[in-house]
Chemist: 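Got a structure here, written out as structure tokens. Questions coming.
All chains are named by letter (A, B, ...) in the order of the sequence lines, taking the proteins before the strands, and each is independently numbered beginning at 1.
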Amino acid sequence: MSTSVLPGTSAETKLETTRDVVVETRNLTKVYRDFWGRQKVRALKALDLSIFRGEIFGLLGPNGSGKTTTMKLLLGLLFPTEGEALVFGKPATDVSKNERIGYLPEETYLYRFLTGEETLDFYGRLFNIPAAVRRQRSAELLELVGLTAARKRQLREYSKGMARRLGLAQALINDPDLILLDEPTTGLDPIGTRAMKDLILQLRDRGKTIIMCSHLLADVQDVCDRVGILYQGELKELGRVDSLLKIRDVTEIRVAGLPPVALEEIKGVVERHNGQVQFIGNPTTTLEELFLNIVAESEAHPGRRVRGGVSDGH
Amino acid sequence: MVIEKVLPPFWTWFVQAALVWVALIVVVCVFGLLLASFVLTVERGFKRAAVSIGRAIVEAFTDLIGAISFRRISGLVFLAIKESIRRRVLAVFALFILLLLFAGWYIDPASTNPSVLYLNFVLSSTGYLIILLALFLSCYSLPNDIRNRTIQTVVTKPVRISEIVFGRVAGFALVGTVLLLLMCGVSYLFVISGLSHTHTLSSENLSAMTDPQGIVEGYTGFTSTVHGHKHRVYVDPDGKARVEMRHGHVHRLEVSGIPPDAKYSLGPAEEALLARVVVYGDLQFRDRDGVDTKEGLNVGDEWTYRGYIQGGSPAAFIWTFAGITPRRFPDGLPLELNLGVFRTHKGNIEKGVLGSIAVRNPRTGLTVETEIFESKEFALNQGVSTNQFFIPRLITKASSVQIIQRKRIGPQGVELDPPSETLDHQLAKKQEFDLFEDLTDNGKLEIWIRCLEPGQYFGAAKPDLYLRARDGYFALNLLKGFLGIWLQMTIVLAYGVMLSTFLSAPVALIATLGVMIGGLFRDFMTQLAFGQTWGGGPFESFYRLITQENVMTQLEPGLGTTLLKMADVGARGFLYAAANVLPPLGEFGWSNFVAYGFDIPGEVVLIRLLQTVAIVLPVCVAGYFFLKAREVAE
């Protein structure tokens with residue numbers, strides 16, 4: 001995994017020569033204009049970015065910061081006003097690059113009159129995949145996203161979460177090397193969200209490159225190796241997640257099974273070294289962890305009441 | 001049947017059409033390139049514009065020729081079919097069935113020619129329904145995809161824009177094809193069942209025909225009345241029977257026993273649904289002085305389709321036929337003739353005007369008048385039937401035999417054909433004439449029609465006289481009629497998809513409708529472009545319109561008039577190009593051929609097929625460029 005670097009540093013230059021660059025943007029700028037050619041909004045300003053093979057890259061930013069515009073420029077859905085975007089070394093408008101790309105859009109833009117199976121078959125055909133391979137991959141992907149039972153139903157009958165999962169399946173139909181996920185966990189319940197995040201990590205482990213943008217910072221934090229933070233079309237921060245989030249002048253020690261007496265001794269040690277105790281107490285789990293534990297426990301022991309993720313035994 | 005626009009022979013047409021097509025493609029390409037260069041230069045600067053255009057041209061070759069994938073197109077075709085089904089296109093078929101049910105009540109089988117009514121109805125209603133369907137499907141599909149953003153999941157796959165355009169057109173065309181085939185089958189059954197009837201005949205309906213000596217020559221009478229008509233029947237004493245044609249059909253009559261006390265059994269209607277394979281000749285006129293002219297007289301009709309010849313004079317219509325061989329016509333020439341009659345005096349209004357038919361050898365000038373006939377002038381107007389004649393192979397009866405030289409006014413004065421020194425007057429002294437040996441020269445012969453009554457006029461156009469070579473299969477001809485609708489549908493689909501690549505759905509719909517309607521005025525626009533209309537070009541006409549100036553008067557000379565005429569000259573090129581870009585949809589409608597029982601010639605089908613390809617391909621390519629230049633995610 002790469003170390004956090006900012007563009008233009010010597011460390012980055014060294015990295016770029018040693019690792020495969022999958023996506024590269026140079027001075028990428030997008031200006032939206034009206035019918036008469038007058039500038040409406042400058043959505044993206046001179047973005048310079050390199051994304052490497054095998055990493056999960058997160059694009060963060062508030063609404064209108066240029067995340068989706070960047071995605072669409074990389075996909076060739078929009079044309080750059082200035083600069084260029086290269087994907088696998090080809091211009092983003094080159095159709096042939098799509099052979100190696102999977103894309104999950106922000107909303108599930110699928111044909112509601114097709115069934116789940118037909119949808120995957122249709123997108124498989126667009127990748128020129130032979131029928132036998134299409135059938136096999138469709139079955140595997142439907143199994144992967146848990147839609148095998150609903151494969152014959154039209155998408156108009158799907159819930160938002162089901163449609164989202166099918167959207168992910170269509171993005172993977174060609175076994176892509178680069179996967180672009182626009183708000184991948186939107187519309188998913190906590191179980192689906194966790195499954196999606198696990199899947200993203202699995203894909204990364206299989207050597208895929210993933211670019212995702214999301215409003216849900218916790219999701220980004222959980223899965224992304226590197227993030228770029230956009231604000232009003234400008235890249236404000238770029239680097240490894242763990243490095244960016246590290247608070248360097250605070251030390252955290254987690255100890256299990258410590259008696260209260262030992263706590264007092266530790267406080268004393270800290271004071272002797274002119275340190276300042278900011279917090280001593282029990283750490284909390286995340287709500288997501290709690291929810292998933294309850295669901296898992298409920299499935300293991302139906303009928304029992306579950307407290308704090310642990311069955312009360314009644 | 002009226003054929004206002006006669007197509008030239010295939011190769012003549014092909015060479016001419018190919019040249020115009022190539023020229024038009026070049027003009028459109030150059031115009032498109034200039035326009036794109038201008039817009040991109042303004043937007044991105046000269047250098048980037050040049051790079052973009054260069055890249056677009058290279059990519060166009062790849063996308064349109066090199067990288068097309070049948071599997072991807074089949075996927076898009078599948079999508080278009082599913083979309084059509086979702087949009088309940090089958091409702092169109094249900095609507096068609098409903099229309100037929102109502103038509104079954106309202107079409108009168110007792111009319112003078114019910115097959116024309118039935119066939120015109122099924123073909124025109126199918127045409128309207130299918131064209132409307134094509135219009136809506138093609139104009140709403142892509143804009144809906146762009147609005148719903150479903151296109152974004154498609155174009156992010158390795159799909160060529162060309163495949164999206166071709167896939168849509170092909171998918172909708174396939175849906176239309178299935179619908180048309182269903183409609184064709186149902187129409188066939190509807191027409192057959194609507195016209196199906198028979199009559200009864202018994203010995204009480206027959207009365208004897210005797211000669212002056214009282215010897216029975218045969219029996220005659222009428223069948224029962226069904227569908228508002230009855231047929232006169234003639235039965236010979238030996239049981240041979242003949243049924244007269246009424247309402248465009250006859251019945252076969254079986255006689256078992258000895259007339260009149262025999263059993264009579266009439267079969268179903270025959271010859272109501274025909275596909276006559278006809279051979280047309282080239283028409284020339286001969287004026288009252290016996291000199292060849294290109295056009296006939298104008299008797300005051302605004303519609304100048306037919307030219308007229310004066311009766312009781314040497315004036316004649318001369319049709320020249322080629323390829324007349326004993327193999328094609330072993331028994332003789334079956335001839336059918338439609339004539340317009342213009343009377344300058346009433347005469348005997350209950351009788352037709354007399355005319356004559358003669359056959360002439362173009363090399364020897366030997367002219368044998370085989371028939372004097374009474375024109376069916378009213379039949380023509382009703383489109384009911386034609387004058388039918390048969391010129392036998394061995395002509396033994398002739399009302400007149402002579403050697404006639406044709407006179408033409410050439411650069412050296414009057415030219416005679418054949419020249420006087422080559423005339424063989426002995427030929428005219430024969431009593432019997434062989435059609436092929438005496439009257440045909442290398443497969444060529446002339447049929448002369450003359451009006452015999454002074455003061456009356458006959459009118460005709462080229463398609464008014466033809467040789468009935470054989471009869472084709474009606475079902476096949478009906479299928480060809482539906483093929484015409486299919487061609488129209490495909491053109492509409494191509495234009496609809498192309499316009500919807502850059503216009504919103506309702507605007508694309510109106511634009512496609514505009515293209516279709518504009519196509520109806522294509523000939524007029526061409527005439528305007530060549531300055532063949534009264535009242536000048538568009539600018540001069542507009543000036544005349546607002547100043548209420550008569551189209552026949554000359555405009556006052558001056559600067560204004562000069563400017564108007566110059567503007568018209570400038571508009572001519574544009575009009576000519578526009579006239580060629582607009583599809584001549586009306587020319588693809590063959591319902592008259594089918595309804596009036598004429599086989600649609602294979603050459604016409606081939607020409608229209610090629611024309612459709614020549615229209616659909618560049619229109620789809622234009623759609624490719626429009627969609628390629630568009631940011632689908634904006």
Chemist: So, is the end of the A:Arg125 side chain (NZ or CZ) under 6.0 Å from the ring centre of B:Phe78 and within 45° of the ring's axis?
Modeler: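 Yes; both conditions hold, so A:Arg125 lies above the ring face of B:Phe78.
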
Chemist: Does B:Arg55 have more than 12 heavy atoms from other residues, nucleotides or ligands lying within 6.0 Å of its CZ?
Modeler: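 Atom CZ in B:Arg55 is not crowded, with 12 or fewer foreign heavy atoms closer than 6.0 Å.
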
Chemist: For residues B:Tyr624 and B:Asp63, is any side-chain donor paired with an opposing acceptor at under 3.5 Å?
Modeler: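 Looking only at side-chain atoms, B:Asp63 and B:Tyr624 do form a donor-acceptor pair, the distance falling under 3.5 Å.
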
Chemist: With a 4.5 angstrom heavy-atom cut-off, could you sort out which part of B:Ile73 is near chain A: side chain, backbone, both or neither?
Modeler: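 Neither; nothing under 4.5 Å.
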
Chemist: Which region of A:Glu82, side chain (C-beta onward) or backbone (N, CA, C, O), has a non-hydrogen atom less than 4.5 Å from a non-hydrogen atom of chain B, or is it both or neither?
Modeler: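 A:Glu82 touches chain B through backbone and side-chain heavy atoms alike.
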
Chemist: Does A:Glu117 come within less than 4.0 Å of A:Lys152, counting only side-chain N to carboxylate O?
Modeler: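 A salt bridge links A:Glu117 with A:Lys152.
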
Chemist: Please classify the contact of B:Asp145 with chain A as side chain, backbone, both or neither, using a heavy-atom distance under 4.5 Å.
Modeler: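 Interface part for B:Asp145: side chain.
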
Chemist: Mind telling me whether A:Tyr111 and A:Phe113 have parallel, tilted or perpendicular rings, with 30° and 60° as the class edges?
Modeler: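 Ring orientation of A:Phe113 relative to A:Tyr111: tilted.
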
Chemist: For the residue pair B:Lys157 and A:Tyr123, would you count it as a cation-pi contact if the rule is NZ or CZ under 6.0 angstrom from the ring centre and within 45 degrees of the ring axis?
Modeler: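 Yes; both conditions hold, so B:Lys157 lies above the ring face of A:Tyr123.
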
Chemist: Under 4.5 Å heavy-atom distance to chain A, tell me which part of B:Arg149 shows up: side chain, backbone, both or neither.
Modeler: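 Its backbone and side chain both get close to chain A.
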
Chemist: Per the side-chain contact (heavy atoms from CB on, under 4.5 Å) rule, which among A:Ile211, A:Leu168, A:Leu203, A:Val223 passes with A:Leu181?
Modeler: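 The single option meeting the side-chain contact (heavy atoms from CB on, under 4.5 Å) with A:Leu181 is A:Leu168.
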
Chemist: Is the NZ or CZ atom of A:Arg100 positioned over A:Phe88's six-membered ring, under 6.0 angstrom from the centre and within 45° of the axis?
Modeler: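 Relative to the ring axis of A:Phe88, which defines the angle, A:Arg100 lies inside both limits.
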
Chemist: A:Phe127 versus chain B, heavy atoms under 4.5 Å apart: side chain, backbone, both or neither?
Modeler: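 Contact with chain B is through both the backbone and side chain of A:Phe127.
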
Chemist: Given a strict heavy-atom distance threshold of 4.5 Å, which part of B:Val42 is in contact with chain A: side chain, backbone, both, or neither?
Modeler: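 No part of B:Val42 comes within 4.5 Å of chain A.
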
Chemist: Considering only heavy atoms, which portion of B:Glu83 lies under 4.5 Å from any heavy atom of chain A: side chain, backbone, both, or neither?
Modeler: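 B:Glu83 touches chain A through backbone and side-chain heavy atoms alike.
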
Chemist: Relative to chain B, which segment of A:Pro130 carries a heavy atom at a distance below 4.5 Å: side chain, backbone, both, or neither?
Modeler: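 It is both, since atoms from each part get that close.
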
Chemist: Side chain from CB out, backbone as N, CA, C, O: work out which of these in A:Ile129 comes under 4.5 Å of a heavy atom of chain B, or both, or neither.
Modeler: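 Backbone of A:Ile129 only, per the 4.5 Å heavy-atom cut-off to chain B.
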
Chemist: Just so I understand: if I count every heavy-atom pair under 4.5 Å between each of B:Pro158, B:Ser69, B:Ser74, B:Gly75 and chain A, which residue has the most?
Modeler: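 Looking at each of B:Pro158, B:Ser69, B:Ser74, B:Gly75 in turn, B:Pro158 comes out on top.
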
Chemist: Name the member of A:Lys97, A:Glu118, A:Gln170 that forms the most heavy-atom pairs with chain B at distances under 4.5 Å.
Modeler: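 Heavy-atom pair counts peak at A:Glu118.
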
Chemist: With a 4.5 angstrom heavy-atom cut-off, could you sort out which part of A:Thr81 is near chain B: side chain, backbone, both or neither?
Modeler: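 For A:Thr81, backbone heavy atoms alone lie under 4.5 Å from chain B.
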
Chemist: Given the options A:Gln154, A:Lys72, A:Arg112, A:Glu107, which has more heavy-atom pairs under 4.5 Å with chain B than any of the others?
Modeler: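 When all of A:Gln154, A:Lys72, A:Arg112, A:Glu107 are compared, A:Lys72 has the most.
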
Chemist: Sub-3.5 Å donor-acceptor pair from the side chain of A:Thr25 to the main-chain atoms of A:Ala85, do we have one?
Modeler: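 Flag not set: sc A:Thr25 to bb A:Ala85 has no pair under 3.5 Å.
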
